[in-house]
Number of protein chains: 2
Amino acid sequence: MKTPNKAGKPRQALDQVSELTTNRLSVYLRCLNALEDAGVLTVSSQSLAEQFHLNAAQIRKDLAYFGEFGVRGVGYYVGDLKRHLRQILGLDRKLRVAIMGAGNLGLALADYPGFRQEGFEIAALFDNLSAKVGQRSRGGVPIHDIHDLKKIARRDGISIAVIAVPAPSAQHVVALVVASGIRAVLNFSPGTLEVPDDVKLKSVDLTVSLESLSFFLAQCEGDEK
Amino acid sequence: MKTPNKAGKPRQALDQVSELTTNRLSVYLRCLNALEDAGVLTVSSQSLAEQFHLNAAQIRKDLAYFGEFGVRGVGYYVGDLKRHLRQILGLDRKLRVAIMGAGNLGLALADYPGFRQEGFEIAALFDNLSAKVGQRSRGGVPIHDIHDLKKIARRDGISIAVIAVPAPSAQHVVALVVASGIRAVLNFSPGTLEVPDDVKLKSVDLTVSLESLSFFLAQCEGDEK
DNA sequence: TTTTGTGAACTAGTTCACAGCT
DNA sequence: AGCTGTGAACTAGTTCACAAAA
């Protein structure tokens, strides 16, 4: 075969895996967790697709890109594939996350249980209000002064930043994040942020999401013929 | 010309506008707001593209699909195009939003200033804890019992629901939302939710987003040859 | 027989490039 | 001259369908 890379270590070109693909890998991992909890040992792309409304060929293609994890005639071993996916997604280690902005949203995200799963640790909150600095979130995440970001990011080995500051400060804050050596950013502020090419930025834009729903509703009304 | 629909009222087929397109319409609207605030009266697709890192042809194509809003040799009138976009996105009226779940995340979203802009109104929070029912968010959004959802959704004319409940209750809650006649849902809980075909579901999956960033970081490390 | 891994076919989305309007 | 609106070309992403492996 001439798959891009065989079982062992997929350290190689992998030029540019589409974001759609990486998102799906994460979804597959969640499906496998559910199956494992249900005591399922082995699963075919077929049955995975049926249970979780996915496409079997796409599952196979996504997985095959990273190695030959399946067994013909059998399917995939759930535990085995989970392990591979966790390794591919870089979840085989603890990743520390900092949240920029200890406002409503930042504090809520800091204590969000979904984050703690799968190896993420919310290590710190950062804010510029001295009243907040030194406090902790309800869940116990310490709030630091944003000026100490570089120092603490290094000390705590923070590799991901979440931007939860008001829109007008977002670009400035993301610049500090980048300057502190963090190379992956999840942005909740509306609008566009500039980051260098070697930094990965993912944005969750609530305004865009809501307006897109609004469009759908407006269309429905129009359709009422 | 035979554009799908001319200026007047774009009430027609519009079969299935891609979600990528509707998201961009929302982005364009934000760009126009910025330009208007800066006192710009007219803008070409070219300059819009340069300023906001978009593609000029795509802007033109997206807009042209809904009508001929531009003027050849001139570009688009900012105020005029804003008005058209707001109408297309259904923002030419107040849309009321309910948030399901008055936990950390629900309360944070209820008071999130980004939502209030552009005609959205967070009208209500819903929870099943009697200790919370009757209270209000810091910003003053009332917390209702989830059993009153149908009644209050009708009374207040709520057309969008945001799911901010823990993952295990999400499917149940979304079923209540659908039963109450709401047809647009923004979901923050991880995992898949089932909704009927005539209900629009948009999901923001924080786990998937973070894991996708983790993948990127893992790749970078691998690249260090 | 069952099910993977994968070329080939197809579908969706983006960008180019230019005719035609102002 | 300048810029839109749009067919045509291109690129990306998905699904099909089947040979080969277990």
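Quick note on labels: first sequence line is chain A, next is B, and so on, each numbered from 1.
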- [ ] Please name the pair of heavy atoms, one in B/F188 and one in B/L109, separated by the smallest distance, quoted to 0.1 Å.
- [x] CE1-CD1, 3.7 Å
- [ ] Write down the distance between CG (B/L63) and P (D/dG5), rounded to a whole number of angstrom.
- [x] 8 Å
Open item on the list: Once hydrogens and angles are ignored, does a donor-acceptor distance under 3.5 Å link the base of D/dT15 to the side chain of A/K61?
Closed with: yes
TODO: Can you check whether any acceptor in the base of D/dT4 is under 3.5 Å from a donor in the side chain of B/R72, or vice versa?
DONE: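 It does, because a donor-acceptor pair links the side chain of B/R72 to the base of D/dT4 below 3.5 Å.
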Open item on the list: Looking at B/E221 and A/R93, is any side-chain nitrogen of the basic one under 4.0 Å from a carboxylate oxygen of the acidic one?
Closed with: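 Looking at B/E221 together with A/R93, the answer is yes, because their closest N to O distance falls below 4.0 Å.
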Task: B/K200/B/E19 ion pair, N-O < 4.0 Å - done: yes
Are OP1 or OP2 of [N] and a side-chain N or O of [X] less than 4.0 angstrom apart?
{"X": "B/Y77", "N": "D/dT4", "value": "no"}
{"X": "B/N55", "N": "C/dT14", "value": "no"}
{"X": "B/S45", "N": "D/dC3", "value": "no"}
{"X": "A/Q46", "N": "C/dT3", "value": "no"}

Open item on the list: Let me confirm one number: the OG-CE distance from A/S180 to A/M100, rounded to the nearest 0.5 Å.
Closed with: 7.5 Å
TODO: Using the six-membered ring wherever Trp is involved, compare the ring planes of A/F66 and B/F215 and label them parallel, tilted or perpendicular (cut-offs 30° and 60°).
DONE: perpendicular
Open item on the list: Regarding B/L20, tell me which of base, sugar-phosphate or nothing describes its non-hydrogen contacts under 4.0 Å with the strands shown.
Closed with: sugar-phosphate
Task: Student check: side-chain heavy atoms of A/L29 and A/L91 closer than 4.5 Å - done: yes
Task: Comparing A/R24 and B/G73 on DNA chain D - which has the more 5′ nearest nucleotide - done: B/G73
Enumerate all atom pairs, one protein N or O and one N or O from nucleotides 10-12 of chain D, separated by less than 3.5 Å.
none

